[in-house]
Amino acid sequence: MERRPRIEDYAPIGDMQTAALVCRDGSVDWLCLPRFDSPAVFTSLLGTKENGSWRIGPACATGTLAPYADRRGYRGNSLILASEWDTPTGVIRVTDFMPPRDGHGPQLIRIVEGVSGQVEVESALCPRFGYGRHRPWIHEHHGRIVAIDGPDALWLDSAVDVVEKEGSLVSRFTVAAGEAVAFALSWHSSHNHLTTPEVPDTDAALAATGEFWREWVAQCTYDGPYREAVIRALITLKAMTYAPTGAVVAAVTTSLPETIGGIRNWDYRYTWLRDAAITLSALLRTGYRQEAEGWRHWLQRAVAGDPDKLQIMYSILGERELPERELTWLPGYEGSTPVRVGNDAAGQLQLDVPGEVIETLYLAHVHGLARCERTATLHLGLVDYLKQRWQMPDDGIWEVRGGRRHFVHSKVMTWVAVDRTVQLVEAGVLSADLAELVELRDAIHAEVCEKGYDAARNTFTQSYGSDELDAALLLIPRTGFLPPDDPRVLGTVAAVRRELATADGLVHRYPTDGEREGVDGLAGDEGSFLLCSYWLVDALALTGQLDEARALFERLLSLRNDVGLLAEEYDAASGRQLGNFPQAFSMLGLIESSVLLFELEQAAAPVIAA
C-alpha cells in the first residue's frame, strides 16, 4: 500500500549540481544524476516506489505505511536535513545531505543515529535508471555494492549487511542511543571501469558541508525582520545554481502539476533568462555578488556572439536544443499526465526577457560589479534586438501556447531595457546614441499608455485591446514605468485585486476558463501563482498601503511548508501547494518583498534626534 505525499511533504538537499527530494517518511523520491537535468534514478515522485526510491526510517511490517517523521528541519543555516522519529522503543534521527563536490562525483549521504532507547531500522534502496524505467545490474565488487545501467553506476557503502531483494538493496539493523550507521551512495560513470569512486568519509563530509553553508550564509547583508525566512530562501536559490557554469534552474523537478489531474505539467530543470535574472537580482540585493558574476559569464557563453538568435531559455550548460517528449511509462503525480522532459517553450518569442536581463546587468553595475567589455557588447546587442522587434506580438511572460499577442508586460519590459540603457549611457558606462535611445524609450511608453490602457475601467490590460487582466501588470510601479501614485497604477492594482485575487489576497496569473481553452491555449485551471501574490505585496507597499502589504506577506509566509519552502502555486480550496518544487520564482519573490518592505518601513520610520 502506498500513500501519496503532498508536494509540501518534501524537502530538498543538494550539492549545487543536482538535488534530491526527501519525503517526511524518510524516502528519497526524486534524484537526477549527475546533473539537475539528467535522467532520474529515483522517480517515485512521478510514479510508484517501483520507479525508484530510497527509504530509511523505522522498520515497519510489510504492507503497512511508513510513519512520517515526528520532527524534521535543516541543521542551522544549511542544506543538511535532520528527521526524527519517536517509536515505542526509542527515538532515531536520520541526517541527509549531499556534500558540495570537491574533486569527487555526486554523493548522497544518510546517517542514522540512535537518540534514545533502541530502534529497528530499515533501509530499502530501489535504484531505477532512465526515469524509473530500467532495473540495474546489481553485484558486489571488492566488498562494495554497485548498481549499473549503461553509462551510469551507483556505489553503495555501509557498515551494515545489505541483501538484494527483487532489484532492491535492503538492510535491517538496530541502533541504540549513541550509535550511528552511515550510508553513502556515490554516482560514477560506468565507462570508467578501471577506477572506482573513493569510499566517502561521512563524518568529514558532514563537517565540510556544514562549514560551506555557514561561510556562504555569513555573506548575507539583509538584517530585517524576516531574516530567517530570507536566509532559507537564499540557501534554496544557491542550491538551484549549477556551480560549474553559474546557471540557475527554475526548479529541480519536472511535471509536478499546476492542478491535480491536469495537463499543465512542465519541465523546469532549465535556465530561463528571465527567472535567472530575477534570481540574481534577489541575490544582489542581499549581498551576493559572486553569483551575479558567475551568471554573467554563463550568459555570455549561452548567448555567445549573436544576441539576434536569443532564446528565452537554455540548458544549465548553455545548450539550445531542449526537445520536449513524454514519459509514457510514468503515471504522473496523482495521475497528472503527461509527464514531460524537455521544454518546447525554448523556441518562443518573449520580448520581456531582454528587459529582465538588462535590468540585472544594470543592478550589477549599481552593486559594484566591474564593467566588462564583453557584457557591454552583449547589452547593446540586446537593445538592437529589441529595436527590431518591440512592435511585434510575442508569446509573453507566461509562455502561452494560444498565439502571440501584444502583451503589455512585454512592452513595459522593453521600455525597462531601453530606460536602463539610457541611464548607463548617461553615466558613461555604455557608449551609444543617447538621443536615439531616449526617442525609442518615449515611443514605447506612449504606445503602451495609448494601446494597453482601458480608460473606461481605469486599468492596463493583458494585451492591446483585450478585456483580460494579467498579474504581471502589478510590476508597472516597481519598474518605474509610471510612479506608484499615478491614478492608472492605482486603478490597475485595484482591478487585479478585484478580478484575479482570491478573498485572502492570493493572485492568479490571468483568467483561466475550466474546460475551454483560454489565452494560454490550454484547457483546465491552475492554483494561485505565488510570485504574483508577492508582486501584489510589492504593489500595495509602493502605493502606500503598507499595512495591507505586510498582512498579505505574513499570509504568504504561512503557506510555506514546515522547512520554509514554496512550490510554484497554491490551491486555497484544498490548502496545498502545486507545481514544481522548490520554485525559484516563489523563493525570490519572498526575498524581494522582504527587502522592499524593510526599506520602505525604514524610510517611513521617524528620525529620532540624538
- Task: Identify the two heavy atoms, one from V28 and one from A20, that lie closest to each other, and give their separation to 0.1 Å.
- Result: CG1-CB, 3.9 Å
- Item | From CZ (R264) to CG (L256), nearest 0.5 Å | 16.0 Å
- Message: Before you tell me yes or no, could you show the steps for T286 and L234 under side-chain contact (heavy atoms from CB on, under 4.5 Å), namely the whole-Å CA-CA distance, both residues' side-chain angles and the distance that decides it to 0.1 Å?
- Response: CA-CA 9 Å; T286 49; L234 286 167; 3.4 Å; yes
- Item | Sub-6.0 Å ring centroid separation between W415 and F481 | yes
- Is it true that R441 and E439 have a side-chain N and a carboxylate O under 4.0 angstrom from each other? no
- Item | R269 versus T254, closest heavy-atom pair with distance | NE-CB, 4.1 Å
- Message: With no hydrogens and no angle check, just 3.5 Å: does a side-chain donor-acceptor pair link Y10 and D29?
- Response: yes
- Message: Closer than 4.0 angstrom, basic N to acidic O: yes or no for E359 and R478?
- Response: no
- Does W398 have its ring centroid less than 6.0 Å away from the ring centroid of F529? yes
- Do D384 and Q388 get their side chains close enough for a donor-acceptor pair, meaning under 3.5 Å? no
- Note on the structure: Rounded to the nearest 0.5 Å, the CG atom of L578 sits from the CG atom of N580 at a distance of 11.0 Å
- Message: Could you check whether Y222 and F598 have their ring centres less than 6.0 Å apart?
- Response: yes
- Charged N to carboxylate O below 4.0 Å: is that the case for E8 and R576? no
- Residue pair E568 / S586, side-chain donor-acceptor N/O under 3.5 Å: no
- Query: What's the shortest heavy-atom distance between W390 and L440, and which atoms?
  - Reply: NE1-CD1, 3.4 Å
- Item | D223: partners by side-chain contact (heavy atoms from CB on, under 4.5 Å), with sequence neighbours left out | R227
- Donor-acceptor pair, D15 side chain versus T18 backbone, under 3.5 Å? yes
- Using only heavy-atom distances, determine whether the side chains of R35 and Q17 contain a donor-acceptor pair under 3.5 Å. no
- Message: Please confirm whether the ring centroid of W216 lies under 6.0 Å from the ring centroid of Y288.
- Response: yes
- Query: Charged N to carboxylate O under 4.0 angstrom, R509 versus D470?
  - Reply: no
- Less than 4.5 Å apart, any side-chain heavy atom of I109 and any of M98? no
- Query: Do any N or O atoms from the side chain of Q577 and from the backbone of L565 form a donor-acceptor pair under 3.5 angstrom?
  - Reply: yes
- Give a yes-or-no answer on whether the side chains of Y362 and Q423 include a donor-acceptor pair shorter than 3.5 Å. yes
- How about V249 and T241: do any of their side-chain heavy atoms sit closer than 4.5 Å? no
- Message: Under 4.0 Å between a side-chain nitrogen and a carboxylate oxygen: does that hold for D394 and R404?
- Response: no
- Between atom CG of D96 and atom OH of Y74, what is the distance when rounded to the nearest 0.5 Å? 10.0 Å
- Any side-chain heavy atom of R285 within less than 4.5 Å of one from I591? no
- Message: Quick check: closest heavy atoms across V22 and R72, and the distance to 0.1 Å?
- Response: O-NH1, 3.5 Å
- Under 6.0 Å between the ring centres of Y226 and F553? yes
- Message: Side chains of F581 and V252, heavy atoms from C-beta outward: is any pair under 4.5 Å?
- Response: no
- Sidechain-backbone polar pair: S593 side chain, Y534 backbone, donor-acceptor under 3.5 Å: yes
- Query: Please walk me through it: do Y268 and Q583 pass side-chain contact (heavy atoms from CB on, under 4.5 Å)?
  - Reply: CA-CA 9 Å; Y268 278 13; Q583 172 66 239; 3.3 Å; yes
- T209 OG1 to Q107 CD distance, which is reported to the nearest 0.5 Å: 9.0 Å
- Query: Is a donor on one side and an acceptor on the other found under 3.5 Å between the side chain of D275 and the backbone of A250?
  - Reply: no
- Take M587 and L566 through the test side-chain contact (heavy atoms from CB on, under 4.5 Å) and record every step on the way to the result. CA-CA 7 Å; M587 304 311 294; L566 292 167; 4.0 Å; yes
- Task: Measure the spacing between CD of E356 and CG of L273 and express it to the nearest 0.5 Å.
- Result: 10.0 Å
- What's the spacing between L556 CG and Y570 OH if we round to 0.5 Å? 10.5 Å
- For the residue pair Q300 and T375, confirm or rule out a side-chain donor-acceptor distance under 3.5 Å. yes
